[in-house]
A.B. asks: 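Take a look at the following structure, please.
Just the heavy atoms: all of them, side chains too, but no hydrogens, waters or symmetry mates, feed the values below. Computed from a prediction, not measured in an experiment: that's the story for all the values here.
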Amino acid sequence: MVSPAAAYVALNAGNFAACATLPREATMQIYHKKAYADKEKAAGTNREADAAWRTMGLTGIITSAALLTADKCAGADDKKKLNGVIGASCVATGAMFATNKFFDEGVKPEMKWINVAGQLGVGAYALSKALK
């Protein structure tokens, strides 16, 4: 059975790697609505957004490694706590994707909703393991 930590990493690893390594224009083609991308492109380089995406990607990669390590090393009680943290984080992230105006205005709907569904799904799975 896949652990909640492994499910979290599987769900997010590609996103983290893309954000950390791809040029901003490539990530915008993947995630953003055309009108939003065109507006940003016309305004010029958005160094803040580029730095934020790269920081999120690098932080996510480190977090993923830490979660997998903690999952391997934790005893039963600590694993329940870890799963609770993963669950709460995923539910909060899913809620942010669902409710933040940026995701309605700038992100392709399919990318928004796959992130909402994935985060809430992994969150529910992790919380079910935490409460067992």
Side-chain angles (χ1 to χ4, degrees):
M1 170 81 52
V2 173
S3 72
Y8 174 89
V9 171
L11 174 66
N12 292 298
N15 192 21
F16 295 148
C19 291
T21 62
L22 290 177
R24 175 97 175 121
E25 189 172 317
T27 58
M28 289 188 69
Q29 288 175 0
I30 295 167
Y31 297 103
H32 292 196
K33 293 178 180 176
K34 184 176 179 348
Y36 185 89
D38 289 346
K39 182 179 173 184
E40 184 172 302
K41 198 174 194 177
T45 303
N46 186 336
R47 294 186 199 286
E48 180 182 10
D50 186 62
W53 278 77
R54 294 194 190 289
T55 300
M56 183 194 81
L58 293 170
T59 302
I61 291 167
I62 293 165
T63 300
S64 294
L67 286 175
L68 291 175
T69 302
D71 188 48
K72 290 267 187 220
C73 299
D77 287 341
D78 286 336
K79 211 170 264 212
K80 284 186 174 212
K81 293 172 189 168
L82 177 65
N83 291 335
V85 169
I86 293 168
S89 173
C90 287
V91 169
T93 301
M96 189 265 310
F97 269 102
T99 61
N100 188 287
K101 274 283 193 219
F102 166 73
F103 294 101
D104 288 329
E105 295 167 1
V107 176
K108 293 176 183 175
E110 61 273 21
M111 297 305 289
K112 172 187 173 172
W113 292 111
I114 199 165
N115 275 289
V116 170
Q119 293 296 332
L120 294 179
V122 171
Y125 174 56
L127 290 173
S128 76
K129 293 291 191 180
L131 299 172
K132 244 184 185 181

A.B. asks: On a heavy-atom basis, which atom in A126 and which in I86 lie closest, and how many Å separate them?
C.D. replies: CB-CG2, 3.9 Å

A.B. asks: At their closest point, which heavy atom of D78 faces which heavy atom of A74, and how far apart are they?
C.D. replies: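 Here D78 and A74 meet closest at CB-CB, 3.9 Å.
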
A.B. asks: Quick one: list whatever passes salt bridge (Lys or Arg N to Asp or Glu O under 4.0 Å) with K79, sequence neighbours left out.
C.D. replies: D71

A.B. asks: Just wondering, are more than 12 heavy atoms of other shown residues or ligands nearer than 6.0 Å to CD in E48?
C.D. replies: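 Atom CD in E48 is not packed in, count stays at 12 or less.
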
A.B. asks: Mind checking what makes side chain to side chain contact (heavy atoms under 4.5 Å, CB included) contact with I62, not counting sequence neighbours?
C.D. replies: none

A.B. asks: Taking only residues at least two apart or on different chains, which pairs with a member in residues 84-100 satisfy salt bridge (charged side-chain N to carboxylate O under 4.0 Å, His left out)?
C.D. replies: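 Listed once each, the pairs would be none.
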
A.B. asks: Would you mind listing the cluster partners of L58? Hydrophobic ones only (ILVMFWY), side-chain contacts under 4.5 Å, chaining allowed.
C.D. replies: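 ILVMFWY cluster around L58 holds nothing else.
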
A.B. asks: Identify the two heavy atoms, one from G84 and one from A130, that lie closest to each other, and give their separation to 0.1 Å.
C.D. replies: N-CB, 3.5 Å

A.B. asks: Do other residues, nucleotides or ligands put more than 12 heavy atoms under 6.0 Å from the CD1 atom of I114?
C.D. replies: no

A.B. asks: Check S64 against V9 and note the closest heavy-atom contact, atom names and distance.
C.D. replies: CB-CG2, 3.6 Å

A.B. asks: So, taking the atom named CG in L120 and the one named CH2 in W113, what distance separates them when rounded to the nearest 0.5 Å?
C.D. replies: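 Result: 9.0 Å between the selected atoms.
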
A.B. asks: Same cluster or not: are V116 and M111 linked, directly or through other Ile, Leu, Val, Met, Phe, Trp or Tyr residues, by side-chain heavy atoms under 4.5 angstrom apart?
C.D. replies: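 Yes, same cluster.
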
A.B. asks: Could you work out the complete set of other residues in the hydrophobic cluster of M1, with links drawn between I, L, V, M, F, W and Y side chains under 4.5 Å apart?
C.D. replies: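 Y125, listed by chain and number.
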
A.B. asks: Just how far is it from atom CZ of R54 to atom OG1 of T59, taken to the nearest 0.5 Å?
C.D. replies: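 R54 CZ to T59 OG1: 13.0 Å, rounded to 0.5 Å.
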
A.B. asks: Run the salt bridge (Lys or Arg N to Asp or Glu O under 4.0 Å) test against K72 and tell me which residues pass, sequence neighbours left out.
C.D. replies: none

A.B. asks: Y31: which residues meet the ring pair (Phe, Tyr, Trp, His ring centres under 6.0 Å) condition with it, sequence neighbours left out?
C.D. replies: W53

A.B. asks: Sort and list the pairs that fulfil ring pair (Phe, Tyr, Trp, His ring centres under 6.0 Å) and have at least one residue in residues 73-92, not counting sequence neighbours.
C.D. replies: none

A.B. asks: If hydrophobic clusters are built by linking Ile, Leu, Val, Met, Phe, Trp and Tyr wherever their side-chain heavy atoms come under 4.5 Å apart, do L68 and L82 end up in the same one?
C.D. replies: yes

A.B. asks: Under the salt bridge (charged side-chain N to carboxylate O under 4.0 Å, His left out) definition, can you give me all pairs with a residue in residues 20-29, not counting sequence neighbours?
C.D. replies: R24-E40, E25-K41

A.B. asks: Mind checking side chain to side chain donor-acceptor pair (under 3.5 Å) for N12 and listing every partner two or more places apart, or none if nothing turns up?
C.D. replies: Q119

A.B. asks: Mind listing the closest non-hydrogen atom pair of T27 and A18 along with its distance?
C.D. replies: CG2-O, 3.7 Å

A.B. asks: Let me confirm one number: the NZ-CG distance from K33 to D38, rounded to the nearest 0.5 Å.
C.D. replies: 13.5 Å

A.B. asks: Mind checking whether L127 and V85 sit in one hydrophobic cluster, side chains of I, L, V, M, F, W, Y counted as touching below 4.5 Å?
C.D. replies: no

A.B. asks: Which heavy atom of A37 sits nearest to which heavy atom of M28, and what is that distance?
C.D. replies: CA-CE, 3.2 Å

A.B. asks: Tabulate below the donor-acceptor pairs under 3.5 Å that side-chain atoms of residues 96-107 make, not counting sequence neighbours, or state none.
C.D. replies:
{"residue": "T99", "atom": "OG1", "partner": "A95", "partner atom": "O", "Å": "2.8"}
{"residue": "N100", "atom": "OD1", "partner": "F102", "partner atom": "N", "Å": "2.9"}
{"residue": "D104", "atom": "OD1", "partner": "K112", "partner atom": "NZ", "Å": "2.4"}

A.B. asks: Should D50 and N46 be marked as a side chain to side chain contact (heavy atoms under 4.5 Å, CB included) after you check the CA-CA gap, both sets of side-chain angles, and the distance that decides it?
C.D. replies: CA-CA 6 Å; D50 186 62; N46 186 336; over 6 Å; no

A.B. asks: Mind checking what makes side chain to side chain contact (heavy atoms under 4.5 Å, CB included) contact with A26, not counting sequence neighbours?
C.D. replies: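 Once residues adjacent in sequence are excluded, the partners of A26 under the side chain to side chain contact (heavy atoms under 4.5 Å, CB included) criterion are L22, P23.
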
